[in-house]
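One structure is given here, and the rest of the page talks about it.
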Amino acid sequence: MTPVIEKMALALQIILKIIAGLKEKGTKPSSILAVIEDAIVGAKEIHGDAFAAFTEDEKVGRILAGLKGVVLWFETEHKVARAKLYKLIEARAKEDRDLDAADLEKLVGDAQGAIDKLKTGATIPADEGDLGEPEPTPVP
Amino acid sequence: MKILALAFLSLLFLPGCALLGFDRNLETPAQKLGLAAVEIEAIATLATNLHGEGVITSAQALAAADILQSALDGVKAASERLASGDASATASALDGATRAVDLVLRIIATKQERPQS
(Lines give C-alpha, C1' and ligand atoms only; values in the text may rest on other atoms or scores of the structure.)
Protein backbone atom coordinates (compact mmCIF):
# COMPACT_ATOMS: atom_id res chain seq x y z
CA MET A 1 0.00 0.00 0.00
CA THR A 2 1.35 3.41 -0.90
CA PRO A 3 2.09 5.91 1.85
CA VAL A 4 -0.63 8.24 0.63
CA ILE A 5 -3.28 5.54 0.66
CA GLU A 6 -2.07 4.31 4.02
CA LYS A 7 -2.51 7.80 5.41
CA MET A 8 -5.94 8.12 3.84
CA ALA A 9 -6.96 4.81 5.39
CA LEU A 10 -5.61 5.95 8.72
CA ALA A 11 -7.44 9.26 8.46
CA LEU A 12 -10.65 7.42 7.67
CA GLN A 13 -10.18 5.13 10.63
CA ILE A 14 -9.69 8.14 12.87
CA ILE A 15 -12.90 9.64 11.50
CA LEU A 16 -14.79 6.41 12.08
CA LYS A 17 -13.53 6.20 15.63
CA ILE A 18 -14.58 9.79 16.19
CA ILE A 19 -18.04 9.13 14.75
CA ALA A 20 -18.46 6.01 16.88
CA GLY A 21 -17.29 7.90 19.94
CA LEU A 22 -19.67 10.78 19.30
CA LYS A 23 -22.57 8.39 18.99
CA GLU A 24 -21.60 6.85 22.31
CA LYS A 25 -20.56 9.89 24.33
CA GLY A 26 -22.58 12.74 22.83
CA THR A 27 -21.49 16.02 21.26
CA LYS A 28 -20.63 18.23 24.21
CA PRO A 29 -17.29 20.00 23.63
CA SER A 30 -15.62 18.13 26.47
CA SER A 31 -16.91 14.82 25.08
CA ILE A 32 -15.72 15.68 21.59
CA LEU A 33 -12.20 16.40 22.81
CA ALA A 34 -12.15 13.15 24.76
CA VAL A 35 -13.43 11.23 21.75
CA ILE A 36 -10.79 12.70 19.44
CA GLU A 37 -8.07 11.98 21.94
CA ASP A 38 -9.22 8.37 22.27
CA ALA A 39 -9.42 7.99 18.50
CA ILE A 40 -5.92 9.31 17.91
CA VAL A 41 -4.40 7.27 20.71
CA GLY A 42 -6.16 4.18 19.32
CA ALA A 43 -4.94 4.89 15.81
CA LYS A 44 -1.41 5.41 17.08
CA GLU A 45 -1.43 2.03 18.76
CA ILE A 46 -2.59 0.31 15.59
CA HIS A 47 -0.55 2.26 13.05
CA GLY A 48 2.59 3.29 14.86
CA ASP A 49 4.74 3.59 11.75
CA ALA A 50 2.23 5.49 9.67
CA PHE A 51 1.37 7.70 12.57
CA ALA A 52 5.00 8.67 12.98
CA ALA A 53 4.84 10.24 9.54
CA PHE A 54 2.37 12.77 10.87
CA THR A 55 5.20 14.61 12.56
CA GLU A 56 6.53 15.87 9.24
CA ASP A 57 4.92 19.13 8.22
CA GLU A 58 4.36 18.23 4.62
CA LYS A 59 2.76 14.89 5.45
CA VAL A 60 0.55 16.45 8.07
CA GLY A 61 -0.66 18.78 5.38
CA ARG A 62 -1.49 15.83 3.15
CA ILE A 63 -3.38 14.08 5.89
CA LEU A 64 -5.35 17.16 6.78
CA ALA A 65 -6.20 17.69 3.14
CA GLY A 66 -7.32 14.07 2.85
CA LEU A 67 -9.25 14.24 6.08
CA LYS A 68 -10.99 17.40 5.00
CA GLY A 69 -11.78 15.95 1.59
CA VAL A 70 -13.27 12.77 2.97
CA VAL A 71 -15.36 14.58 5.57
CA LEU A 72 -16.57 17.04 2.99
CA TRP A 73 -17.64 14.11 0.85
CA PHE A 74 -19.54 12.66 3.78
CA GLU A 75 -21.10 16.01 4.50
CA THR A 76 -22.02 16.72 0.91
CA GLU A 77 -23.53 13.33 0.18
CA HIS A 78 -25.53 13.20 3.37
CA LYS A 79 -26.71 16.78 3.06
CA VAL A 80 -27.92 16.13 -0.46
CA ALA A 81 -29.61 12.88 0.56
CA ARG A 82 -31.34 14.31 3.60
CA ALA A 83 -32.37 17.49 1.83
CA LYS A 84 -34.11 15.39 -0.79
CA LEU A 85 -35.93 13.36 1.84
CA TYR A 86 -36.94 16.31 3.99
CA LYS A 87 -38.21 18.21 0.97
CA LEU A 88 -40.34 15.23 0.03
CA ILE A 89 -41.68 14.77 3.57
CA GLU A 90 -42.51 18.48 3.75
CA ALA A 91 -44.35 18.36 0.45
CA ARG A 92 -46.41 15.39 1.60
CA ALA A 93 -47.11 17.06 4.96
CA LYS A 94 -48.62 20.00 3.09
CA GLU A 95 -50.92 17.48 1.46
CA ASP A 96 -51.64 16.20 4.96
CA ARG A 97 -50.28 12.75 4.29
CA ASP A 98 -47.23 10.57 4.78
CA LEU A 99 -44.84 9.25 2.18
CA ASP A 100 -46.64 6.70 0.04
CA ALA A 101 -45.56 3.61 -1.85
CA ALA A 102 -44.72 5.62 -4.97
CA ASP A 103 -42.46 7.94 -2.96
CA LEU A 104 -40.60 5.03 -1.42
CA GLU A 105 -40.32 3.37 -4.80
CA LYS A 106 -38.71 6.51 -6.19
CA LEU A 107 -36.25 6.76 -3.28
CA VAL A 108 -35.38 3.07 -3.57
CA GLY A 109 -34.94 3.54 -7.32
CA ASP A 110 -32.51 6.40 -6.78
CA ALA A 111 -30.53 4.29 -4.32
CA GLN A 112 -30.51 1.43 -6.82
CA GLY A 113 -29.14 3.81 -9.44
CA ALA A 114 -26.31 4.84 -7.13
CA ILE A 115 -25.46 1.19 -6.39
CA ASP A 116 -25.53 0.36 -10.10
CA LYS A 117 -23.15 3.23 -10.74
CA LEU A 118 -20.84 1.91 -8.02
CA LYS A 119 -20.93 -1.57 -9.55
CA THR A 120 -20.22 -0.20 -13.01
CA GLY A 121 -17.38 1.95 -11.75
CA ALA A 122 -15.89 -0.98 -9.88
CA THR A 123 -15.56 -2.95 -13.10
CA ILE A 124 -13.43 -0.20 -14.58
CA PRO A 125 -9.86 -0.43 -13.31
CA ALA A 126 -9.32 2.55 -11.06
CA ASP A 127 -5.99 4.01 -10.13
CA GLU A 128 -5.45 1.43 -7.43
CA GLY A 129 -3.93 3.86 -5.06
CA ASP A 130 -0.68 4.66 -6.80
CA LEU A 131 -0.83 8.38 -6.44
CA GLY A 132 2.90 8.74 -6.69
CA GLU A 133 5.04 10.69 -4.33
CA PRO A 134 3.16 13.34 -2.40
CA GLU A 135 3.45 16.84 -3.75
CA PRO A 136 4.82 19.34 -1.24
CA THR A 137 1.77 20.80 0.45
CA PRO A 138 1.82 23.90 2.63
CA VAL A 139 0.85 23.26 6.21
CA PRO A 140 -2.57 24.83 6.84
CA MET B 1 2.17 19.67 18.50
CA LYS B 2 1.31 18.41 15.07
CA ILE B 3 -0.98 15.83 16.60
CA LEU B 4 -2.70 18.49 18.65
CA ALA B 5 -3.07 20.59 15.53
CA LEU B 6 -4.61 17.63 13.74
CA ALA B 7 -7.03 17.06 16.60
CA PHE B 8 -7.95 20.72 16.76
CA LEU B 9 -8.53 21.04 13.05
CA SER B 10 -10.57 17.85 13.08
CA LEU B 11 -13.01 19.70 15.31
CA LEU B 12 -13.74 22.05 12.45
CA PHE B 13 -15.01 19.17 10.37
CA LEU B 14 -17.07 17.43 13.02
CA PRO B 15 -20.37 18.99 11.95
CA GLY B 16 -20.00 16.91 8.82
CA CYS B 17 -19.40 13.78 10.82
CA ALA B 18 -22.43 14.54 12.95
CA LEU B 19 -24.57 14.19 9.83
CA LEU B 20 -23.84 10.50 9.84
CA GLY B 21 -26.09 8.05 11.58
CA PHE B 22 -29.76 7.63 11.28
CA ASP B 23 -32.03 10.50 12.24
CA ARG B 24 -34.13 9.64 15.24
CA ASN B 25 -36.58 12.48 14.59
CA LEU B 26 -38.28 10.81 11.67
CA GLU B 27 -41.34 9.14 13.07
CA THR B 28 -43.29 7.04 10.63
CA PRO B 29 -42.12 3.72 9.17
CA ALA B 30 -42.35 5.21 5.67
CA GLN B 31 -40.12 8.14 6.63
CA LYS B 32 -37.59 5.82 8.25
CA LEU B 33 -37.51 3.56 5.23
CA GLY B 34 -37.10 6.64 3.05
CA LEU B 35 -34.13 7.71 5.12
CA ALA B 36 -32.61 4.24 4.87
CA ALA B 37 -32.89 4.49 1.07
CA VAL B 38 -31.24 7.91 0.88
CA GLU B 39 -28.50 6.81 3.32
CA ILE B 40 -27.76 3.85 1.09
CA GLU B 41 -27.72 6.13 -1.94
CA ALA B 42 -25.35 8.54 -0.19
CA ILE B 43 -22.89 5.88 0.90
CA ALA B 44 -22.93 4.29 -2.57
CA THR B 45 -22.13 7.66 -4.10
CA LEU B 46 -19.36 8.19 -1.56
CA ALA B 47 -17.88 4.79 -2.37
CA THR B 48 -18.09 5.58 -6.08
CA ASN B 49 -16.21 8.82 -5.53
CA LEU B 50 -13.56 7.14 -3.40
CA HIS B 51 -13.08 4.42 -6.00
CA GLY B 52 -12.84 7.02 -8.75
CA GLU B 53 -10.10 8.75 -6.80
CA GLY B 54 -8.23 5.49 -6.26
CA VAL B 55 -8.71 5.57 -2.51
CA ILE B 56 -10.49 2.21 -2.49
CA THR B 57 -9.86 -0.73 -4.78
CA SER B 58 -12.28 -2.27 -7.24
CA ALA B 59 -12.64 -5.26 -4.91
CA GLN B 60 -13.59 -2.97 -2.07
CA ALA B 61 -16.05 -1.11 -4.28
CA LEU B 62 -17.69 -4.35 -5.39
CA ALA B 63 -17.91 -5.60 -1.82
CA ALA B 64 -19.51 -2.31 -0.81
CA ALA B 65 -21.98 -2.58 -3.69
CA ASP B 66 -22.97 -6.12 -2.68
CA ILE B 67 -23.58 -5.13 0.93
CA LEU B 68 -25.58 -2.06 -0.03
CA GLN B 69 -27.58 -4.04 -2.58
CA SER B 70 -28.54 -6.57 0.06
CA ALA B 71 -29.63 -3.80 2.43
CA LEU B 72 -31.57 -2.02 -0.30
CA ASP B 73 -33.35 -5.24 -1.21
CA GLY B 74 -34.48 -5.40 2.42
CA VAL B 75 -35.68 -1.81 2.33
CA LYS B 76 -37.51 -2.44 -0.92
CA ALA B 77 -39.24 -5.55 0.44
CA ALA B 78 -40.19 -3.71 3.63
CA SER B 79 -41.58 -0.82 1.59
CA GLU B 80 -43.73 -3.18 -0.43
CA ARG B 81 -45.04 -4.85 2.72
CA LEU B 82 -45.67 -1.46 4.29
CA ALA B 83 -47.73 -0.46 1.28
CA SER B 84 -50.01 -3.38 2.02
CA GLY B 85 -50.32 -2.33 5.65
CA ASP B 86 -47.69 -4.60 7.14
CA ALA B 87 -44.95 -2.66 8.96
CA SER B 88 -43.44 -5.74 10.61
CA ALA B 89 -40.45 -5.85 8.23
CA THR B 90 -39.52 -2.22 8.75
CA ALA B 91 -37.38 -2.66 11.85
CA SER B 92 -35.23 -5.41 10.39
CA ALA B 93 -34.80 -3.46 7.14
CA LEU B 94 -33.64 -0.40 9.07
CA ASP B 95 -31.28 -2.53 11.11
CA GLY B 96 -29.92 -4.07 7.92
CA ALA B 97 -29.40 -0.67 6.34
CA THR B 98 -27.63 0.65 9.42
CA ARG B 99 -25.30 -2.34 9.50
CA ALA B 100 -24.68 -2.05 5.76
CA VAL B 101 -23.65 1.59 6.01
CA ASP B 102 -21.38 0.76 8.95
CA LEU B 103 -19.85 -2.20 7.10
CA VAL B 104 -19.17 -0.15 4.00
CA LEU B 105 -17.51 2.57 6.05
CA ARG B 106 -15.32 -0.09 7.59
CA ILE B 107 -14.49 -1.51 4.17
CA ILE B 108 -13.52 1.94 2.98
CA ALA B 109 -11.22 2.37 5.94
CA THR B 110 -9.65 -1.09 5.72
CA LYS B 111 -6.02 -1.21 4.80
CA GLN B 112 -5.50 -2.83 1.41
CA GLU B 113 -2.38 -4.30 -0.05
CA ARG B 114 -1.49 -3.09 -3.50
CA PRO B 115 -2.69 -5.55 -6.13
CA GLN B 116 -0.02 -7.63 -7.79
CA SER B 117 0.28 -6.86 -11.49
Side-chain angles (χ1 to χ4, degrees), chain A residues 1-2 5-6 8-9 12-13 15-16 18-19 22-23 27 32 36-37 40 54-55 57 60 63-64 67-68 71-75 77-82 84-85 88-89 98-101 103-105 107-108 110-112 114-115 117-119 121-123 125-131 140, chain B residues 2-3 5-7 9-11 13-21 23 26 28 30-31 33-35 37-55 57-59 61-62 64-65 68-69 72 75-76 79-80 82-83 105-106 108-115:
Chain A
M1 189 162 56
T2 64
I5 296 305
E6 190 170 4
M8 284 293 289
L12 275 166
Q13 286 180 330
I15 291 171
L16 290 177
I18 290 172
I19 292 167
L22 288 177
K23 282 183 176 178
T27 54
I32 292 173
I36 290 175
E37 190 174 344
I40 290 177
F54 279 26
T55 58
D57 288 353
V60 170
I63 285 293
L64 286 175
L67 191 65
K68 182 178 178 182
V71 174
L72 282 178
W73 263 334
F74 275 129
E75 187 173 17
E77 296 307 332
H78 282 266
K79 268 187 177 173
V80 168
R82 283 166 184 270
K84 181 173 73 173
L85 179 69
L88 188 58
I89 290 173
D98 194 6
L99 301 182
D100 61 17
D103 293 326
L104 287 178
E105 191 176 340
L107 294 174
V108 168
D110 289 349
Q112 185 63 63
I115 292 174
K117 192 174 176 184
L118 175 60
K119 287 177 182 171
T123 61
D127 177 357
E128 300 286 8
D130 186 6
L131 303 181
Chain B
K2 296 297 185 295
I3 304 311
L6 176 66
L9 288 173
S10 295
L11 277 174
F13 309 125
L14 284 176
C17 297
L19 290 170
L20 290 173
D23 195 325
L26 297 176
T28 69
Q31 290 174 354
L33 286 173
L35 184 61
V38 297
E39 288 275 359
I40 290 170
E41 181 186 358
I43 203 73
T45 304
L46 174 67
T48 301
N49 290 340
L50 290 174
H51 178 256
E53 294 289 328
V55 176
T57 65
S58 295
L62 282 174
L68 292 173
Q69 183 67 66
L72 186 62
V75 171
K76 188 176 180 181
S79 299
E80 289 168 354
L82 184 63
L105 287 174
R106 288 175 190 280
I108 289 170
T110 300
K111 290 176 68 174
Q112 292 289 306
E113 297 301 325
R114 287 193 71 186

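The structure presented is a predicted model; accordingly, all values stated were derived computationally and were not measured.
- Annotation for T45(B) and A114(A): closest pair OG1-CB, 3.9 Å, computed over non-hydrogen atoms.
- In this structure, K117(A) places its NZ atom where only 12 or fewer heavy-atom neighbours from other residues, nucleotides or ligands lie under 6.0 Å away.
- Side-chain polar atoms of Q112(A) and K76(B) form no donor-acceptor pair below 3.5 angstrom.
- When every heavy atom of S79(B) is checked against every heavy atom of V108(A), the shortest pair comes out as OG-CG2, 4.4 Å.
- Contact annotation for D98(A): only side-chain heavy atoms (C-beta onward) come within less than 4.5 Å of a heavy atom of chain B.
- Within the 4.5 Å cutoff, side-chain heavy atoms of E39(B) are placed close to those of R82(A).
- Taking both residues in full, the closest heavy atoms of A111(A) and E41(B) are given as CA-CB, 3.7 Å, listed atom of the first, atom of the second, then distance.
- The distance from atom CG of L107(A) to atom CG of L72(B), rounded to the nearest 0.5 Å, is 10.5 Å.
- Side-chain atoms of S58(B) come within 3.5 Å of backbone N or O of A122(A) as a donor-acceptor pair.
- Only the side chain of L104(A) comes within less than 4.5 Å of a heavy atom in chain B; its backbone stays farther off.
- Heavy-atom minimum distance, I89(A) versus Q31(B): CG2-NE2, 3.5 Å.
- Heavy atoms of I115(A) lying under 4.5 Å from chain B belong to its backbone as well as its side chain.
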